[in-house]
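So the structure is just underneath, and the comments pick up after that.
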Amino acid sequence: MTRTSSHLLLLACAICAIACTDKKVKTASGNVPFNDVSPLITNIGARTSYSLDGAWKYIADPQRIGYYNYRNKPLAPGSNYFADRSSTADPTALVEYDFDLADSLAVPGDWNTQKEKLYFYEGMLWYRKKFNFEPAEGKRYFLYFGAVNYEAVVGLNGKEIGHHTGGFTPFDIEVTGKLRSGSNSLVVMVQNDRRKEAVPTDITDWWNYGGITRSVKLVEVPENFILDYSVQIRRGDGGNEIYGWVKTDGNAEGATVSIPELGKSVKADAAGGFSFAAEPELWCPENPKLYDVIIETASDKVADRIGFRFVETKGKKLLLNGKEIFCKGVSIQEEQIGMGGRVTSREQCRALLDEAAAMGCNFVRLAHYPHNEDMVRLAEEMGIMVWSEIPVYWTIDWNNQGTFDNAATQLTENITRDRNRANIIIWSVANETPISEERNSFLFKLIDRAHELDGTRLVSAAMEVKDLGGGHVTVDDPLIAKTDLISFNEYMGWYWGSSRICDTTYFTFEAEQPVFISEFGAGAVAGRHGDVSARWTEEYMEDLYVRNTGMLENRVDGLVGTTPWILKDFRSTRRHLTGTQDDYNRKGLISNMGVRKSAFYVMKDWYSKK
Ligand code: GCB
């Protein structure tokens, strides 16, 4: 009863398509080892920074001319696009590109929804931003990118300074000594072509939005600065303890961690570690209490808002702060309500989270990749718990060490950015990955990595179900031995049978673990009405939700949470039914314009009783 076979068929076609194009054009990644960036500076919002958002000039380069001229044969100055020269400066010179004359794209933003001609574009595109700056003496500077999908090669004032792979996590590159006093030219080569060895791989059920999709900043820090820190709570026999570490670039000595509201201030040891007894008010959905936390060294100071909570499982129970909790959730793709593409502002994050809250949610699954930091922080302020995941999706190239390194790097960057967020209770390492020896060992290593990076949270993956016949369904996946939850996607009534199948389906599991349904759902066009048995009508979807929630309520042993698929209709290049899908996955509980479908109220009603 898996949908893997159809996924595999499509994958085979996609691999063939890629292999065919590979014969003609070697991908840029073949020449570039992935990731040449500086260590990630966390809590970027609290640092002194200069925004580089706004209009950036762009040149689409499907034949990668600007790249290959540069990489393979560094010709005369001006033959690569990192060199920013004007066609009017010397009218006798042969110049075939000129950023000054080019059109602009807004950053942050995907290119697909900004220009009609780029709607389906997947390939190379060059961005350029000119900015004036006066670097101060004794300061260090980093260019910070919230996310660039999928690969970025960054050049400053004509020289390449770093590159990054992975479309949903932040990176920064040190530019101390490379910034000019006065005018600077920043050029970023962005590439979003799909590749079978990438993470995600070449097929996904979401739009492959290209571009500099999150904010760009020039960050100023002192010579010795605070790079990262972890501030967590742990339970001990003699009471609670707040503990963690401070990591600095340069001299860490004398770092202090203060929580004024608790009247605490402690010095970290020489290695940056600290711990102290404390009994803070605990963060939970009903009371999303955050404390001002100040990390200070002799030369630097960073302020954060941090919440404290315990999350654990006991047998089939999920406990938050020692009490059983049910995760009333919904899955969300990082896409604006309306006709736009990727979320680009805090207001757009809020609009999505407000809808989740209106449905009665205390939990969201931020699918299928790390969402922007505002989304996580806003949810934290609103008392909404989070399942955070990386785009290890469907049929990744399990045998490829480079693919593993890429996935592990994205996991590391995600955990590094968000490890101080109290609302994240689950790191997920994969979605719907067909079982095989290679996949198991790949994911076991990722699970271990997640636990090593952060021992305070649960780790899981969205698994697939197994049909035992006669309505009996289970999950029989070796991953369960290592995950904290049995979490899985079930599409009873949509991909399997009609909604009535839910009336007789029941789930049991061998492992004594909490059960989490990471997806279920049905598609409908908002406002389309008809017979309850007719697909794509709100009636069918509503009926499926009524029967599905009935099944979940009564016939799933150990259920601790659900995140139906999905809050909002979202764009997908796999969804082609004209007049119905029109490039959208229609399983949203609200339409892409934000109109609530009747199934929204089924969930609201069910959650109000949980
Ligand atoms: C799934 C995937 C999700 C798809 C969904 C669907 O199982 O995890 O990414 O969008 O099914 O609508 O088919």
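In each ligand, atom 1 is the first atom listed, and ligand 1 is the first ligand listed.
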Taking the non-hydrogen atoms of F570, is any one of them nearer than 4.0 angstrom to ligand 1?
yes
Say whether, by atom type as modelled, one donor and one acceptor occur between the side chain of R596 and the main chain of I590 under 3.5 angstrom.
no
Could you tell me whether W494 and W536 have their ring centroids closer than 6.0 angstrom?
yes
N489 neighbourhood, listing ligand 1 atoms whose heavy-atom distance to it stays under 4.0 Å:
7 (O), 8 (O)
Proximity of T204 to ligand 1 by residue part, where a heavy atom lies under 4.0 Å:
neither
With the threshold set at under 4.0 angstrom, would you say W206 reaches ligand 1 through any of its heavy atoms?
no
Just distances here: any N/O of H368 and N/O of ligand 1 closer than 3.5 Å?
yes
Using side chain to side chain donor-acceptor pair (under 3.5 Å) as the criterion, list what pairs up with N149, not counting sequence neighbours.
N208
Taking 4.0 angstrom as the limit and counting only heavy atoms of Y495, give me the atoms of ligand 1 inside it, by number and element.
6 (C), 12 (O), 13 (O)
Atoms of ligand 1, numbered as shown, that sit under 4.0 Å from any heavy atom of Y393:
2 (C), 3 (C), 4 (C), 9 (O)
Taking the six-membered ring for Trp, is the centroid-to-centroid distance between W398 and F404 below 6.0 Å?
no
Any idea which atoms of ligand 1 are less than 4.0 Å away from a heavy-atom of N431?
2 (C), 8 (O)
Can you name the nearest heavy-atom pair linking N112 to Y119, along with the distance?
ND2-O, 3.1 Å
If the contact criterion is a heavy-atom separation under 4.0 Å, does R575 count as touching ligand 1?
yes
Considering all heavy atoms of both residues, which atom of Y540 and which atom of G497 are nearest to each other, and what is their separation?
OH-O, 4.1 Å
Taking the side chain as every heavy atom from C-beta outward, state whether V515 and D557 have any atom pair closer than 4.5 Å.
no
